[in-house]
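Comments concern the structure below.
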Amino acid sequence: LEQGLASAVIVAVGDNRTRRLLSERLQACGCRAATVVHPQAVVAPSCVLGPGTFVAAEAVVNADARVGAGGIINSGAVVEHDCAIGPFTHVAPQSVLCGNVTVGAEVLIGAGAKVIPGKRIGDGATDAMRAYVDHSRDIGAFHPAFPVYALRCADDRAEGEVTFPICYEGPPGVVHG
C-alpha cells in the first residue's frame, strides 16, 4: 500500500484464519484497521466493537456485547446483551446469540444458528464440526469434564482422537458417562 492512500482498511474475507493472517500483515505494514457498521444495523451504545469488525445490514448488537478484532456480524444476525465474541469470529447471516453467550477466537457460527443463553463455545469451532449448542451448558474446553479431543475434517470425512478424564473411567477398557 502506498503511504497516504487509506487512513484505515478492513479485510473483507470470510475465512477467519485468512482474515486474521491478512490483518496481521497489514498491521505490520502500519495499516490501521477500520470498524465498519452498515447504516441499517443496530448497535447499542454500550457495546464494544474491536478494530476491523464489520457489522452488516439489519444485524443487531445489543447492550454490553463485546466483539473482538476482525469480527463479522453478518446480515440479520443478532448478538444479544452481554455476549463476548472472540477475535476473527464470524456470526453468519440470520444467526442468533442469546444473552451472555461467550464465543472464542476464529469461530464460525453458521447461518441461521441459534445459541441459547449462557453457552460458551471454544476457540476455532466451525460449522463443519456440527457442535450442537442447545444441550449441555458448555461446549469444548470450557466444560470441566469435557474430554480432550482433536478433530480433523477433510472433504466428506471427519477423524478424531479423544482422551477421557478420570470421571469417565469404568472397568478396564470401558468408558462410561
Side-chain angles (χ1 to χ4, degrees), residues 1-2 5-43 47-61 65-80 83-98 101-115 119-134 138-142 146 148-162:
L1 293 175
E2 287 187 38
L5 278 181
S7 62
V9 297
I10 189 154
V11 179
V13 174
D15 180 74
N16 296 331
R17 181 175 182 273
T18 302
R19 189 169 63 260
R20 176 181 56 81
L21 293 172
L22 289 172
S23 295
E24 289 171 353
R25 288 176 72 183
L26 287 166
Q27 185 177 10
C29 292
C31 292
R32 187 175 60 85
T35 298
V36 176
V37 177
H38 191 280
Q40 291 179 340
V42 177
V43 176
C47 78
V48 176
L49 302 177
T53 294
F54 171 68
V55 182
E58 299 184 10
V60 177
V61 184
R66 297 174 313 281
V67 180
I72 297 173
I73 310 302
N74 223 319
S75 305
V78 176
V79 177
E80 277 297 347
C83 287
I85 299 173
F88 302 99
T89 285
H90 182 171
V91 181
Q94 300 300 317
S95 297
V96 177
L97 303 182
C98 292
V101 168
T102 300
V103 180
E106 296 185 38
V107 173
L108 171 61
I109 303 295
K114 308 292 187 258
V115 183
K119 295 295 182 188
R120 296 190 293 177
I121 301 171
D123 293 349
T126 67
D127 200 33
M129 292 179 181
R130 304 285 189 246
Y132 294 97
V133 292
D134 59 353
D138 299 320
I139 303 297
F142 287 110
F146 196 86
V148 176
Y149 70 92
L151 280 179
R152 292 171 301 283
C153 297
D155 301 320
D156 62 344
R157 291 182 43 135
E159 296 177 350
E161 297 172 13
V162 64

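Residues passing the side chain to side chain contact (heavy atoms under 4.5 Å, CB included) test with V96 are V78, C98, K114, sequence neighbours excluded. Annotation: salt bridge (charged side-chain N to carboxylate O under 4.0 Å, His left out) contacts of E58 (sequence neighbours excluded): none.
Expressed to the nearest 0.5 Å, how far CD1 of I73 lies from CD1 of I109 amounts to 9.5 Å. A distance of 8.0 Å separates CZ in R19 from OG1 in T89, rounded to the nearest 0.5 Å. Here CD1 of I72 is found 10.0 Å from CZ of F88. Values are rounded to the nearest 0.5 Å. Here the OG1-CZ distance, from T102 to R120, works out to 6.5 Å after rounding to the nearest 0.5 Å.
Looking at every heavy atom in both residues, R66 comes nearest to A84 through NH2-CB, 3.2 Å. Of all the heavy atoms in G52 and I10, the pair that sits closest is O-CD1, 3.7 Å. The minimum heavy-atom distance linking V91 with A77 is given by the pair CG1-CB, 3.9 Å. Scanning all heavy atoms of the two residues, the minimum distance from G110 to S95 falls at O-OG, 2.7 Å. When every heavy atom of A92 is checked against every heavy atom of A111, the shortest pair comes out as CB-N, 3.4 Å. When all heavy atoms of S75 and A56 are compared, the pair lying nearest together is N-CB, 3.3 Å.
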| request: Check step by step if side-chain contact (heavy atoms from CB on, under 4.5 Å) holds for L108 and H90. | output: CA-CA 5 Å; L108 171 61; H90 182 171; 4.1 Å; yes
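Exactly one of I85, N16, I121 qualifies for a side-chain contact (heavy atoms from CB on, under 4.5 Å) with V107. That residue is I121.
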